[in-house]
Amino acid sequence: MSNPLEKELKTKIENGKKIFCAFFTLGYKSLKDTEEWIRICDKLGVDIVELGIPFSDPMADGPTIQDSSQYALDHRIRIKDAFSMVKRLRASGVRVPIIFFSYYNIVLQIGLFDFVKQLKSSGFNGVLCPDLPPEEDDRLGVLLRRNQMSQIFLVAPTTTEERIRKITKKGSGFIYYVSRKGVTGKQNKLAPKIKKKISEIKKVSSLPVLVGFGVSSAEQVKKLLKDADGVIVGSALVEQIKQSGKNKLKVRKYLENFVQICHPKA
Amino acid sequence: MKNKQSVPDKQGHFDDYGGRYVPETLVEALEKLTEAYHRLTKDKKFQKDLEFYLSDYAGRPTALYLAKNLTNYYGKAKIYLKREDLCHTGAHKINNTLGQALMAVYLKKKRIVAETGAGQHGVASATAAKVFGLECVVYMGAEDVKRQALNVYKMKLLGAEVIPVYSGSKTLKDATNEAIRDWVTNVDDTHYLIGSCVGPHPYPMIVRDFQSVIGKEAKLQHKQKLKKSPNYLLACVGGGSNSIGLFYPFLKDKVRIIGVEAAGEGVHTSNHAAAILKGKPGVLHGMKSLLLQDEDGQVQLAHSISAGLDYPSVGPEHAYLKSLKRVDYVSVTDAQAVKAFHRLTQLEGIIPALETSHALAYLDKLMPKTKKSESVIVCLSGRGDKDIHMIQEWDSKNV
């Protein structure tokens, strides 16, 4: 059963495109900044925006995203800022799909029902909680499906075939393949066996497979796209934003480059 | 009502609590660890090895000491102290680190990682790693590294690498995140030796079982001495490992069980560590339990004079026992704990850890309600040498 995001991605893939997903930490370095980045992504044709909602204890994240989260929390960024921002973006015609990325405690405290309601009314397209494996999810998935939103799960190099079946059955939108053991963050070398694992996922599921964790350079992306349907760039992008200061041009070019790689002109 | 002894279930749930809230990379490792643990509990050689190290290396069984002076002070029920302070390294922590490090050997892991707050679990991990020839890395909040220089040096003497953690609040909870991050990265050759009955399944169960030696011994010793069961059990609760260790073998018995949390400057202030009394259900460090957090779900900092109780959550089984009303949870302030520290030192010549002093402080409230014919067991979870400078500082400020 596919939802709007999944359909959109599949159509793009059928038309020979690859998917580029860009990650931003909400409120890094300010709310206004994040909002502008999402508008830029929309204009550039980025396929998905993953909006990271800061949590005090981000155990799956490496130093770059940890620091950006801490920075946002220190500047009193609240969860409700995420909802109001996306609402504003949608009202002004921004169409790029936006995924709510955060740790499960954030979701739990809002309450699953209220969370999904607010997610829907503000215009999010899906959720990814890196610390919520399918076994622990009792109702979130059902509520999301009922509201035509995606629930994205991770598959890791350590995931067994049996679990891949379970995860792909429950997940929707796309599968986030974690390229290596470890936390998020830039790396120079890609982990081995990515190809094999992607084909394992493809064997049992028709969901698009996007690769993330440690993706930073154009060379890496080109290499990954031989097997994957798309890539997710997170820490490297946050790092770019950190270094850019007020000048948005360099980061914009960085994003643009990935979009061009993923959407080759026919 | 559910059978108390059947928890956790296969997924590691203690009814609404527990479970496994971890990044996908760790699920397989936790699955394998669970299988291995069940296998080893039936492995006679493993059990024999563990028994050997617990008795000849750690010094078990520890005494159940009738504290006559303390008993006379209150003039009510008999007070017995379960002397975990007499264990090698000075606290109950070694029961768990020997068990888990031996597991790591059986699982052919070469390396252990651990988190530590005050450094007690770090020292106990480094010790166990040394005796079993394992490489040991201990993550410790940068703030704690500064405050606990002696334990840092102890770990280094024992050959462990101590890595200061600068993220978040730079304390125990952040050290735990960092240890988990290390484990996610090195999951093939590394065992994560968690220090309390917290974290994702199977850890709360494993740590409980290894610490249950406290309660099993106490039960037997009490029976031998008084030919009956005790009337009260008392232990401090931070993550909750010494308390679950004492309580677990008694859960089906007719005993009143009391867990004492750290109230810091008072549970009405924002400076306390009373996760059970003041926390709400939440997810941290791979488990669902009671958690100190703000309305957005951001984790709040715990505060206690005792570093070992300074944790914003608690083992899921305690949250479960609270929900069943099987255990009464109460709290004791910094000031009350320090008073109890001095009392035991003065009356019995035993210098207790500040953690333990919280349990001892509750005797003030409990003892007047007891009868002379009754008895109380207090888990004397650790000795207080490590806390002398804290006491010195406190006393100089509070003359």
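Each chain gets a letter, A, B and so on, in the order the sequences are listed, and its residues count up from 1.
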Subject >> Short side-chain to backbone donor-acceptor contact, Thr158(A) and Thr25(B), under 3.5 Å >> reply: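 Answer holds: yes.
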
Original post:
Short question: side chain of Arg181(B), backbone of Ala60(A) - any donor-acceptor pair under 3.5 Å?
Top reply: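 No, the answer is negative, given that no donor and acceptor are paired below the 3.5 Å cut-off.
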
Original post:
What do the steps show when you test Glu24(B) against Ile167(A) for side chain to side chain contact (heavy atoms under 4.5 Å, CB included), and what is the final call?
Top reply: CA-CA 10 Å; Glu24(B) 178 59 28; Ile167(A) 292 167; 3.6 Å; yes

**OP:** Answer yes if the side chains of Asn105(A) and Gln293(B) hold a donor-acceptor pair under 3.5 Å, and no otherwise.
**Re:**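 Looking only at side-chain atoms, Gln293(B) and Asn105(A) do form a donor-acceptor pair, the distance falling under 3.5 Å.
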
Within the structure provided, determine whether [X] and [Y] are in side-chain contact (heavy-atom separation under 4.5 Å).
X: Met59(A); Y: Pro23(B); result: yes
X: Leu73(A); Y: Gln298(B); result: yes
X: Tyr103(A); Y: Val283(B); result: no

**OP:** Examine whether an atom of Val27(B) lies under 4.5 Å from a heavy atom of chain A, and if so say whether it belongs to the side chain, the backbone or both; otherwise answer neither.
**Re:**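 Just its side chain gets close to chain A.
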
Original post:
Is it the side chain or the backbone of Pro200(B) that comes within 4.5 Å of chain A heavy atoms, both, or neither?
Top reply: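 For Pro200(B), neither part sits under 4.5 Å from chain A.
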
Original post:
Taking everything shown except Lys120(A) itself, do over 12 heavy atoms lie less than 6.0 Å from its NZ?
Top reply: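 More than 12 within 6.0 Å, yes.
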
Original post:
Counting only heavy atoms not in Lys280(B), do more than 12 fall under 6.0 Å of its NZ?
Top reply: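 Counting neighbours around NZ of Lys280(B), more than 12 heavy atoms of other residues, nucleotides or ligands fall under 6.0 Å, so yes.
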
Original post:
Top residue by heavy-atom pair count (under 4.5 Å) with chain A, among Gln11(B), Lys173(B), Glu31(B)?
Top reply: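 Most heavy-atom pairs under 4.5 Å with chain A: Lys173(B).
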
Original post:
When heavy-atom pairs shorter than 4.5 Å are enumerated against chain B, which of Val178(A), Thr160(A), Asp137(A) gives the highest number?
Top reply: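 That would be Thr160(A).
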
Original post:
Do you know which of Arg180(A), Arg78(A), Lys80(A) has the most heavy-atom pairs under 4.5 Å to chain B?
Top reply: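 Heavy-atom pairs under 4.5 Å are most numerous for Arg78(A).
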
Salt bridge check: are [X] and [Y] linked by an N-O gap of less than 4.0 Å?
X: Lys10(B); Y: Glu135(A); result: no
X: Lys288(B); Y: Glu136(A); result: no
X: Lys181(A); Y: Asp188(B); result: yes

Using heavy-atom distances under 4.5 Å, tell me whether [X] contacts chain B through its side chain, its backbone, both, or neither.
X: Pro63(A); answer: neither
X: Val155(A); answer: backbone
X: Ile106(A); answer: both
X: Ile110(A); answer: neither

**OP:** Taking all non-hydrogen atoms of both residues into account, name the closest pair between Pro133(A) and Tyr21(B) and its distance.
**Re:**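 The pair with the smallest heavy-atom distance is CD-CA, 4.2 Å.
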
**OP:** Please test Asp296(B) against Ile79(A) for side chain to side chain contact (heavy atoms under 4.5 Å, CB included), starting from the C-alpha separation and ending with a verdict.
**Re:** CA-CA 7 Å; Asp296(B) 269 1; Ile79(A) 311 307; 3.6 Å; yes

